[in-house]
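Chain letters run A, B, ... following the sequence lines, proteins first, then strands; residues in each count from 1.
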2 protein chains.
Amino acid sequence: MRQLVYEILEKQKKALSLYEIEQQFDNVERSTIFRTLKTFQDNYLIHSIDDGTGAVKYALCDDDCTCKPDDLHIHFLCNKCGQTHCMKDMPVPKMDLAEGFSFENANFVVKGICPNCR
Amino acid sequence: MRQLVYEILEKQKKALSLYEIEQQFDNVERSTIFRTLKTFQDNYLIHSIDDGTGAVKYALCDDDCTCKPDDLHIHFLCNKCGQTHCMKDMPVPKMDLAEGFSFENANFVVKGICPNCR
DNA sequence: TAAAACTTTGCAATACTGTTGCACGTACTC
DNA sequence: GAGTACGTGCAACAGTATTGCAAAGTTTTA
């Protein structure tokens, strides 16, 4: 199961939701995939993205990814097809926060139209 | 009803979820507030923020806000108290997207600890 | 002013995603 | 072969968002 889920994520260049992964199988329970993804996440194999569509999406981490603030990159959500792309070469810019605010994490989702949908 | 909801949002400096607004009333239906907020949103009085907590939050727009890409600002979610602050003086940085991607909108949520929680 | 038209509200029900409890089955260990 | 650990599927539940419908309230119109 873990191998299969991993392969599905590997094949895709985009981030997939639990539901989308489920669709790739004939007869596998949501909960099974859910727990597989959770295992992956606990072991830093994947990262999850909340792109605001209501469904969390998952994508493989790079080999050297530690899922720490330094590794954060931007995600792109296409308003037309709903696909979420990892912009792994675009780090989330560091912001100078107002006095008293400390930085721990960030979520930067850019929305627009992807090349396939123009 | 609209006046009351507006006043609640006006009083708060942070963004409120549907549930939090509901708490401010004694006996008002979620759906009523929901539709009120929707009306506000349709008329560009408020903007909604999905900070990844699972509940969408709402905050008043500035007078001159058009809710267009130029008006986008950063939001800060405190990992301790869960409150979401509008950083209205911090615009979302413009990113040079890869070839073929067009920009329409963005959601930039910074997470950390707010001054009250340190 | 009374009827008609429209708006707002509350209740109930539903959708969707995520999450957990439990039982069964398989595989591994001794 | 008994015992243990793990993975899977089913069913149920949680939380938020959303909609249909009817009753109540408000405005318009003749």
[X] has an atom [atom1]; how far is it from atom [atom2] of [N], in whole Å?
| X | N | atom1 | atom2 | value |
| --- | --- | --- | --- | --- |
| B:D42 | D:dT18 | CG | P | 12 Å |
| A:F34 | D:dA14 | CZ | P | 16 Å |
| A:D50 | C:dC16 | CG | P | 18 Å |
| A:L16 | C:dG18 | CG | C1' | 17 Å |
| A:L4 | D:dG7 | CG | P | 14 Å |
| B:I33 | C:dT8 | CD1 | P | 16 Å |
| A:M1 | C:dA27 | CE | P | 17 Å |
| A:R35 | D:dA5 | CZ | C1' | 15 Å |

Sugar-phosphate only, base, or nothing, as touched by A:S31 at under 4.0 Å among non-hydrogen atoms: base

Parallel, tilted or perpendicular: rings of B:H47 and B:H75 (30°, 60°): tilted

Whether B:F40 and B:Y6 hold their rings parallel, tilted or perpendicular, with breakpoints at 30° and 60°: perpendicular

Nearest-0.5 Å distance that lies between atom CE in B:M90 and atom NZ in B:K88: 15.0 Å

Distance (rounded to the nearest 0.5 Å) between A:Y19 OH and A:I33 CD1: 11.5 Å

Short side-chain N/O contact from A:R2 to OP1 or OP2 of D:dG7, under 4.0 Å: yes

Nearest-nucleotide 5' precedence on DNA chain D, A:T32 against B:T53: A:T32

Nearest-nucleotide 5' precedence on DNA chain C, B:E29 against A:Y58: B:E29

Contact nearer the 5' end of DNA chain C, comparing A:K38 with A:Y19: A:Y19

Heavy-atom donor-acceptor pair, B:R30 side-chain to C:dG10 base, under 3.5 Å: no

Side-chain donor-acceptor pair present, A:T84, A:K57, cut-off under 3.5 Å: yes

